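Each remark here refers to the structure printed beneath this line.
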2 protein chains.
Amino acid sequence: MPDNPQKEQPRRRQARGERRIAQLLEAAASVFCTTGYTAASTNAIAREAGVSPGTLYQFFPNKEAIAIELGDRLMHEMREAYGEALAPVDPATPLEEAVGAAVDRFIAFNCDHPVFFALMHGPDIPGRIAEEHDALHATLVSRIEALLFSLLPDAPPADVTRTAHVCLGVYKAGLELVLAHQGAERDAYTREIKNVLIRYLEPLVGDRLGAPEDTGDTTTRTA
Amino acid sequence: MPDNPQKEQPRRRQARGERRIAQLLEAAASVFCTTGYTAASTNAIAREAGVSPGTLYQFFPNKEAIAIELGDRLMHEMREAYGEALAPVDPATPLEEAVGAAVDRFIAFNCDHPVFFALMHGPDIPGRIAEEHDALHATLVSRIEALLFSLLPDAPPADVTRTAHVCLGVYKAGLELVLAHQGAERDAYTREIKNVLIRYLEPLVGDRLGAPEDTGDTTTRTA
DNA sequence: GACAAACACGAGCGGTCGCTCGCATTCTTG
DNA sequence: CAAGAATGCGAGCGACCGCTCGTGTTTGTC
């Protein structure tokens, strides 16, 4: 057995091929954005890229692979550019700052790459992309959970998890509103989303700072 | 010209036909729920209803008409059962009560009719359903605007509109979370959505009642 | 019972879509 | 330059889908 059955022989790509791949992915992003994944035909993607259907299938085994490759590149770019937004948050950071920074980063990424939203929120996406989305979703939820738990060590875990899911859901709804507007209105909606999240979380953690309520707690204050 | 060109002759339906129509709509609701509108094939709907494709087209001119009829019936049922949730709100009602009642009503309706969510939020719905959804959306936004305006007569209209859109977006995100859970967890998420909305709106209207802030305003207080 | 209208069937038509295949062209390598 | 690999083309295959049509069955009316 000279060849391993599972190992696909790595075709030696020429520079031309790499250019075609990038071109096809760009065309696919455009078509996915305007029509969604299922409604996007491979012939339309090839036409948008100015090549023939056969050429498209020279570089991608099937339609799903196009979306997967696009999703992988977006994920990589996201982790590279905004990975720190996923990093554990310093508990000393004011709530407004932490929420504002995270929201700004993710909204900026989605505004720069609208196809990300189209791929992740389509109801008809291929299984692999759905897996990636679920993984990202779970990562974000656990990050938010960690932040909340560091602020509310005595809260029931189920409540923390639920609150984290609500935060992420609110962010996604806000993202949709933000992407639907432009310019000053877009900024105003971004501001509103931060307000929603801050006002939602403030009563939970607000007693740590500056706004003491007579709830009888004796938790230590930072600063 | 003995016949009016635009007037479709009303076929005399027998009781059997009405039963078939209800049966087909129920099957369509089931298929739409599980696969979405575009991915649902008319053959699958007919199979689910236990009839042949030809029978389906005895009662519906095309696939879109099935979704439209389903949407119309849902809209009618919604207006009949929960129309009062759309009615103008008495400005004297406490915020918690108004928000809680509206959220409860709409969430109950969506839990009873999950196909409503599938039809209204699919990205591939036919134009007529999209129109109905937009109309409903606009109605809800203007209702919320009216409520907000009655509480904040001196706020810029653009801000009121934006706040209304944010409220509706938050509600929709919450609806998705609520529908994804069951039992006690579902109730807990419902409670959280109300919290998000109340805490978001409270700082805007809270100064009308009990929690005066030294913002220097001299607006008259009710009660 | 006679007759027409409504109901029911399911093979199949026209069309689209994902994808293939045979062949031409361009690049790399020796 | 020659040979082979990578790239490029586009007609078209097979499958599926929305929908039709000819035919047969049930129901209502006289």
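Only heavy atoms go into these numbers, but all of them, side chains included; no hydrogens, no water, no symmetry mates. Letters A, B, ... are given to chains in the order of the sequence lines, protein chains preceding strands, and every chain is numbered from 1. These figures come from a predicted structure and were not determined experimentally.
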Residues within residues 66-74 of chain A bordering DNA chain D, heavy-atom distance below 4.0 Å: none

Aromatic plane relationship, A:Phe117 with A:His121 - under 30° parallel, 30 to 60° tilted, over 60° perpendicular: parallel

Atom pair distance, as rounded to whole Å: CZ in B:Arg47 and P in C:dG10: 13 Å

Trace of the side chain to side chain contact (heavy atoms under 4.5 Å, CB included) decision for B:Ile66 with B:Leu70: CA-CA 6 Å; B:Ile66 304 174; B:Leu70 200 51; 5.6 Å; no

Carboxylate-amine/guanidinium contact B:Arg162 A:Glu185, below 4.0 Å: yes

Inter-residue atom distance A:Leu197.CG - A:Glu202.CD, 0.5 Å rounding: 11.5 Å

Interatomic distance where CZ belongs to A:Arg19 and P belongs to C:dT26 [whole Å]: 14 Å

B:Tyr37 side chain to B:Glu64 side chain, donor-acceptor N/O pair below 3.5 angstrom: no

Residue pair B:Lys172 / B:His137, side-chain heavy-atom distance below 4.5 Å: yes

Identified side chain to side chain contact (heavy atoms under 4.5 Å, CB included) partner of A:Val178 from the options A:Val103, A:Ile107, A:Asp187, A:Asn110: A:Ile107

Which residues share a side chain to side chain donor-acceptor pair (under 3.5 Å) with A:Glu176, sequence neighbours left out: none

Note, A:Leu168 side chain near A:Arg143 side chain (heavy atom, < 4.5 Å): no

Spacing of CD1 belonging to A:Ile68 relative to CZ belonging to A:Phe60, to within rounding of 0.5 Å: 11.0 Å

Quick test: give all pairs of protein nitrogen or oxygen and nucleotides 13-15 of chain C nitrogen or oxygen below 3.5 Å, distance rounded to 0.1 Å.
none

Near-strand residues of residues 24-31 of chain A, defined as heavy-atom separation under 4.0 angstrom from DNA chain D: none

Residue among B:Asp159, B:Val160, B:Leu152 satisfying side chain to side chain contact (heavy atoms under 4.5 Å, CB included) with B:Leu204: B:Leu152

Reported CG-to-CD distance for the pair B:Asp112 and B:Glu77, which is rounded to 0.5 angstrom: 8.5 Å

Nucleotides 12-30 of chain D: protein proximity per nucleotide (B base, S sugar-phosphate only, - neither; heavy atom, under 4.0 Å): -----SSBB-----BS---

Nucleotide of D:dG8, D:dC9, C:dC7 approaching B:Phe59 most closely (side-chain heavy atoms): C:dC7

Set of residues satisfying side chain to side chain donor-acceptor pair (under 3.5 Å) with respect to A:Glu145, sequence neighbours excluded: A:Thr161

Side-chain N,O (A:Arg20) to OP1/OP2 (D:dA6) below 4.0 Å: no

